[in-house]
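Reviewing the structure listed below.
All heavy atoms count here, side chains included; hydrogens, waters and symmetry mates do not. Starting from 1, each residue takes its place in the sequence as its number.
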Amino acid sequence: MEMPNITILGGDMRQCYAAQYLHSLGWNVTCCRTPDFPYKSGIIQADSLTDALEHCRMILAPTPLTRDKKNLYQAETNAMPCPLDDLWDLLTSNHRLAVCNLPEEYRKILVNSGCEILDFGNDAFFQNQNAALTAEGVLAEVIRCTPFALSSVNILLLGYGFCGAAISKLFLPMCGNIYLVEQDMKKQENARQQGLSPICADDFPHILPECRLVINTVPAPILDTAQLAQLHSSCHIFDIASSPFGFPADITEQCLLPHFRLPGIPGRFSPVTAGEMIGRTIERMAEHAL
């Protein structure tokens with residue numbers, strides 16, 4: 001049986017380890033604009049997008065696809081930019097693009113080109129594994145950036161999706177209490193069964209002053225300026241949400257509260273595990289798509 005061909009584009013070290021994992025399965029792997037890395041013999045490094053995409057069927061895009069909405073995400077700052085328009089121009093109905101959480105504006109472009117989209121951001125295996133790695137990274141950053149012990153604090157957690165659930169599972173045994181803001185009633189009940197304390201806006205006046213950590217997972221503002229002013233004076237805010245985030249960039253200047261945005265946690269803290277996880281996800285999806 002002929003093994004699949006895949007081209008891996010841009011990104012950070014996760015792409016490198018995904019390449020090595022798929023190569024270890026016998027896949028024919030080509031890398032283009034990925035970080036400089038001691039690739040194993042047999043992995044091809046293409047100099048141009050045209051060469052990289054000419055003979056491949058599957059393409060693995062970086063996570064995130066882009067950070068400036070113009071160019072393909074490349075972690076190496078000295079690399080030549082790769083405009084997204086150049087990639088779109090080369091994609092055809094012969095290609096399948098594996099990508100994490102593709103924005104709708106780009107989805108329309110790919111549909112028009114006939115390129116099949118494999119959005120592994122919606123894959124349950126990936127979501128669970130990625131959330132666990134995210135929780136570990138958040139814990140590392142919280143310990144590094146705060147001057148107090150977790151055992152002495154109450155946490156305000158915003159959102160109880162995959163990442164919120166994984167974070168609470170890791171943090172709850174170490175902290176005083178986790179207060180949860182979540183609109184979904186089923187998620188509230190599930191969280192309550194796990195030992196969290198769901199709250200609503202009416203609870204804010206007496207709960208917010210008790211919280212010295214806020215961890216946000218929701219890509220939208222949840223707390224307004226007046227509510228932020230009710231937080232403990234030494235409260236630290238950690239925002240792991242994607243754009244447009246949960247808090248403005250100048251919140252420290254506005255409210256005098258330490259604020260940390262934590263994008264790409266699995267790629268920074270666990271690139272080997274995260275890259276292999278992406279490789280396994282692509283392997284699973286390819287079994288159904290190829």
Side-chain angles (χ1 to χ4, degrees), residues 121 124-201 203-223 227-228 230-242 245-247 251-252 255 257-274 277:
F125 168 81
F126 175 82
Q127 289 176 321
N128 280 295
Q129 296 297 313
N130 189 68
L133 297 181
T134 298
E136 288 187 17
V138 172
L139 177 61
E141 284 292 83
V142 166
I143 292 174
R144 185 179 72 87
C145 297
T146 56
F148 38 73
L150 279 173
S151 59
S152 67
V153 303
N154 294 319
I155 297 174
L156 180 66
L157 176 64
L158 306 179
Y160 197 70
F162 284 95
C163 287
I167 289 168
S168 66
K169 182 178 180 180
L170 191 61
F171 277 70
L172 190 57
M174 295 181 283
C175 67
N177 195 4
I178 297 181
Y179 297 107
L180 172 68
V181 178
E182 169 59 59
Q183 293 184 340
D184 188 292
M185 298 300 292
K186 290 184 178 180
K187 290 181 179 179
Q188 283 187 28
E189 182 56 32
N190 183 38
R192 185 177 288 107
Q193 293 176 3
Q194 300 303 317
L196 280 69
S197 302
I199 62 172
C200 63
D203 301 313
F204 286 175
H206 64 274
I207 293 296
L208 296 186
E210 297 181 8
C211 296
R212 298 178 71 185
L213 275 179
V214 175
I215 300 176
N216 177 63
T217 69
V218 182
I222 302 297
L223 303 178
Q227 291 162 345
L228 288 170
Q230 297 175 34
L231 289 167
H232 194 285
S233 59
S234 66
C235 184
H236 286 51
I237 298 173
F238 294 83
D239 194 349
I240 70 165
S242 56
F245 314 106
F247 301 94
I251 186 174
T252 297
C255 303
L257 298 174
H259 170 236
F260 307 88
R261 279 186 181 170
L262 306 178
I265 290 175
R268 290 190 294 124
F269 286 89
S270 309
V272 175
T273 306
M277 174 186 67

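- Taking CZ from Phe204 and CG from Leu223, the interatomic distance works out to 5.5 Å, rounded to the nearest 0.5 Å.
- Atom CD1 of Ile207 is separated from atom OG of Ser197 by 7.5 Å, given to the nearest 0.5 angstrom.
- Rounded to the nearest 0.5 angstrom, Thr252 OG1 and His236 NE2 are separated by 9.5 Å.
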For side chain to side chain contact (heavy atoms under 4.5 Å, CB included), just list the numbers for Ile215 and Ile178, CA-CA rounded to whole Å, side-chain angles, deciding distance to a tenth of an Å, and then say yes or no.
-> CA-CA 10 Å; Ile215 300 176; Ile178 297 181; over 6 Å; no
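- The salt bridge (Lys or Arg N to Asp or Glu O under 4.0 Å) contacts involving residues 178-195 comprise Glu189-Arg192, where partners must be two or more places apart or lie in separate chains.
- In this structure, CG in Leu180 is found 10.0 Å from CG in Asn190, a value given to the nearest 0.5 Å.
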Less than 3.5 Å apart, which donor and acceptor atoms pair up between the side chains of residues 129-137 and the rest of the protein, not counting sequence neighbours?
| residue | atom | partner | partner atom | Å |
| --- | --- | --- | --- | --- |
| Thr134 | OG1 | Asn130 | O | 2.8 |

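- When all heavy atoms are compared, the tightest approach of Val218 to Ile222 is CG1-CD1, 4.0 Å.
- Residues forming a salt bridge (charged side-chain N to carboxylate O under 4.0 Å, His left out) with Arg261 (at least two apart in sequence, or on another chain): none.
- Looking at Leu262 and Arg268, their side chains come closer than 4.5 Å, going by heavy atoms from C-beta outward.
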Exercise answer: donor-acceptor pairs, residues 151-167 side-chain atoms, under 3.5 Å, sequence neighbours excluded:
| residue | atom | partner | partner atom | Å |
| --- | --- | --- | --- | --- |
| Ser152 | OG | Ala149 | O | 2.7 |
| Asn154 | OD1 | Asn177 | N | 3.2 |

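- Listed by first and then second residue, the salt bridge (Lys or Arg N to Asp or Glu O under 4.0 Å) pairs that reach into residues 138-157 are Glu141-Arg144, sequence neighbours excluded.
- Taking the side chain as every heavy atom from C-beta outward, Leu139 and Leu150 approach each other to under 4.5 Å.
- Residues Phe260 and Thr146 are not in side-chain contact: their nearest non-hydrogen atoms beyond the backbone lie 4.5 Å or more apart.
- Within the model, atoms CD1 of Ile265 and CZ of Phe238 stand 10.0 Å from one another, a figure rounded to the nearest 0.5 Å.
- Applying the side chain to side chain donor-acceptor pair (under 3.5 Å) test to every pair with at least one member in residues 204-213, sequence neighbours left out, gives these pairs: Tyr179-Glu210, Arg212-Ser234.
- Residue Leu196 holds its CG atom at 11.0 Å from CD of Gln188, rounded to the nearest 0.5 Å.
- Closest of all the heavy-atom pairs between Pro258 and Cys235 is CD-O, 3.2 Å.
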